[in-house]
Amino acid sequence: MSKTTLIKKHLIRPFLNGGSSAEPKWVQIKKATENTINMNPSTEDRDYISDEQPTTELIAYKMGVSYGVTTYKGEPDFELFYDLYKNRYTGSDAQKELLLAYLFDKVTVNGTEKYFTQKWNSTIVVNDFNTVGTVIDVDVNANGTPVVGYAEIKDGEITFHENEGGLPSFSLLASEPADWATEYAGYYTKDADGGFVSVAGEEAPEWAADTFYKED
């Protein structure tokens, strides 16, 4: 039986780009007390003549996240939202890239954890600035189609890598590849924790089926 793990709130980390697409400056949303990802599905009932009752078809999703960020001056997430509030930005000025990093969905490669991540362009709507409740309420509405990939986090800084399949994936090899003798360092084994580790050594180790992996 596989081990089960409860997915807690800190394992889904939202970031907004306070810089540019060329030079991103990712600001983690930390001081919010809510992190519900609203899928906002669009459905349509179709009454097919062959059926007794209508069928609900799922047409699309319009994802968004609502945040109530505590008004701590000096906290990067509050400062970002306060700037939007203070300047009443609209149009493209109210748009920022959104990252959602899923820290429970990961693969480890050579000791570095890589987390499945989605990136959207988003429109940020400031709903209210509750000065009594010390909260600024915003909606972050995801636009268009997300870019998928993985993120690496080091010293609190996140780096996003676009990758069509999301996380890097690996295939177990049943037969020896033609370039094993010279390119063995481009293949991997698994460590005791299930992470992938590049084959090392001054020469290729003896080949063994169902032992080595290649990155897809």
Side-chain angles (χ1 to χ4, degrees), residues 2 5 7 9-29 35-43 57-65 92 95-124 140-180 182-191 193-200 209-216:
S2 61
T5 302
I7 306 304
K9 61 183 184 296
H10 66 282
L11 295 177
I12 303 177
R13 293 189 185 176
F15 297 81
L16 287 169
N17 187 359
S20 65
S21 294
E23 297 184 11
K25 183 180 179 182
W26 296 108
V27 176
Q28 183 180 348
I29 301 174
N35 188 23
T36 300
I37 302 169
N38 304 304
M39 296 303 293
N40 299 316
S42 174
T43 62
E57 300 283 5
L58 178 59
I59 307 302
Y61 289 108
K62 181 64 177 75
M63 202 209 79
V65 194
S92 61
Q95 295 181 351
K96 293 187 181 295
E97 290 178 317
L98 165 69
L99 278 189
L100 288 178
Y102 300 82
L103 271 61
F104 61 90
D105 188 1
K106 64 183 180 179
V107 63
T108 303
V109 182
N110 291 327
T112 299
E113 292 183 326
K114 304 174 187 293
Y115 308 104
F116 175 72
T117 301
Q118 298 165 313
K119 182 177 78 170
W120 285 267
N121 181 41
S122 71
T123 300
I124 302 173
V140 181
N141 300 301
N143 300 325
T145 303
V147 176
V148 297
Y150 61 89
E152 299 172 357
I153 300 175
K154 183 177 181 180
D155 298 328
E157 298 292 328
I158 189 167
T159 303
F160 174 73
H161 302 272
E162 182 176 345
N163 188 45
E164 185 176 351
L167 289 174
S169 60
F170 299 82
S171 296
L172 184 62
L173 298 175
S175 58
E176 182 175 343
D179 62 354
W180 175 253
T182 57
E183 302 299 328
Y184 62 91
Y187 295 90
Y188 298 83
T189 57
K190 264 191 176 181
D191 62 22
D193 297 320
F196 294 93
V197 180
S198 294
V199 176
D210 300 326
T211 301
F212 301 99
Y213 296 79
K214 69 171 182 177
E215 186 170 357
D216 298 328

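The figures here come from the full heavy-atom set of this structure, side chains too, leaving out hydrogens, waters and symmetry mates. Only a predicted model underlies this, so the values are computations on that prediction, with no experimental measurement involved.
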Once rounded to the nearest 0.5 Å, what's the spacing between atom [atom1] of [X] and atom [atom2] of [Y]?
X      : Y      : atom1 : atom2 : value
Leu173 : Tyr213 : CG    : OH    : 9.5 Å
Leu100 : Leu98  : CG    : CG    : 4.5 Å
Lys214 : Asp216 : NZ    : CG    : 7.0 Å
Leu99  : Thr117 : CG    : OG1   : 6.5 Å

Crowding at OH, Tyr61 (>12 non-hydrogen neighbours, <6.0 Å):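 No, OH of Tyr61 has 12 or fewer neighbouring heavy atoms, counting only those of other groups under 6.0 Å.
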Partner set under side chain to side chain contact (heavy atoms under 4.5 Å, CB included) for Asn143, not counting sequence neighbours: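 Result, side chain to side chain contact (heavy atoms under 4.5 Å, CB included) vs Asn143: Lys62, Gln95, Asn121, Thr123.
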Any residue meeting side chain to side chain contact (heavy atoms under 4.5 Å, CB included) with Ile59, in chain and number order, not counting sequence neighbours: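 Applying side chain to side chain contact (heavy atoms under 4.5 Å, CB included) to Ile59 gives Ser42, Glu44, Arg46, Glu57.
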Ala209 versus Ala174, closest heavy-atom pair with distance: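 That closest heavy-atom pairing would be CB-O, 3.3 Å.
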Heavy-atom closest contact (Val107 atom, Pro168 atom, distance):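 Closest pair (atom of Val107, atom of Pro168, distance): CG1-CD, 3.8 Å.
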Those residues that, when tested against Lys9, pass salt bridge (Lys or Arg N to Asp or Glu O under 4.0 Å) (two or more places apart):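 Partners of Lys9 by the salt bridge (Lys or Arg N to Asp or Glu O under 4.0 Å) criterion come out as none, since no residue qualifies.
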[X] versus [Y]: any side-chain heavy-atom pair under 4.5 Å?
X      : Y      : answer
Pro177 : Tyr187 : yes
Asn110 : Tyr188 : yes
Phe212 : Trp180 : yes

Review item, side-chain donor-acceptor pairs of residues 148-165, under 3.5 Å, at least two apart:
from, atom 1, to, atom 2, distance (Å)
Glu152, OE2, Lys114, NZ, 2.5
Asn163, ND2, Gly166, O, 2.9

Could you list the donor-acceptor pairs under 3.5 angstrom formed by side chains in residues 11-26, with sequence neighbours left out?
from, atom 1, to, atom 2, distance (Å)
Arg13, NE, His10, O, 3.4
Asn17, OD1, Gly19, N, 2.8
Asn17, OD1, Lys25, N, 2.9
Asn17, ND2, Ser20, O, 3.0
Asn17, ND2, Glu97, OE1, 2.8
Ser20, OG, Glu23, N, 3.0
Ser21, OG, Glu97, OE2, 3.2

Heavy-atom donor-acceptor pair, Asp191 side chain to Gly194 backbone, under 3.5 Å: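 Such a contact is found between Asp191 side chain and Gly194 backbone.
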Main-chain N/O of Trp120 paired to Ser122 side chain as donor or acceptor, under 3.5 Å: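 It does not hold such a pair.
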Residues Met63, Ile37; criterion side-chain contact (heavy atoms from CB on, under 4.5 Å); working and verdict: CA-CA 7 Å; Met63 202 209 79; Ile37 302 169; 3.6 Å; yes
Aromatic ring pairing Phe116/Tyr102, orientation class (parallel under 30°, perpendicular over 60°, tilted between):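 Answer is tilted, since the angle falls between 30° and 60°.
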All pairs passing salt bridge (Lys or Arg N to Asp or Glu O under 4.0 Å) where residues 99-109 contributes a residue, at least two apart: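 Qualifying pairs, neighbours excluded: Lys106-Glu113.
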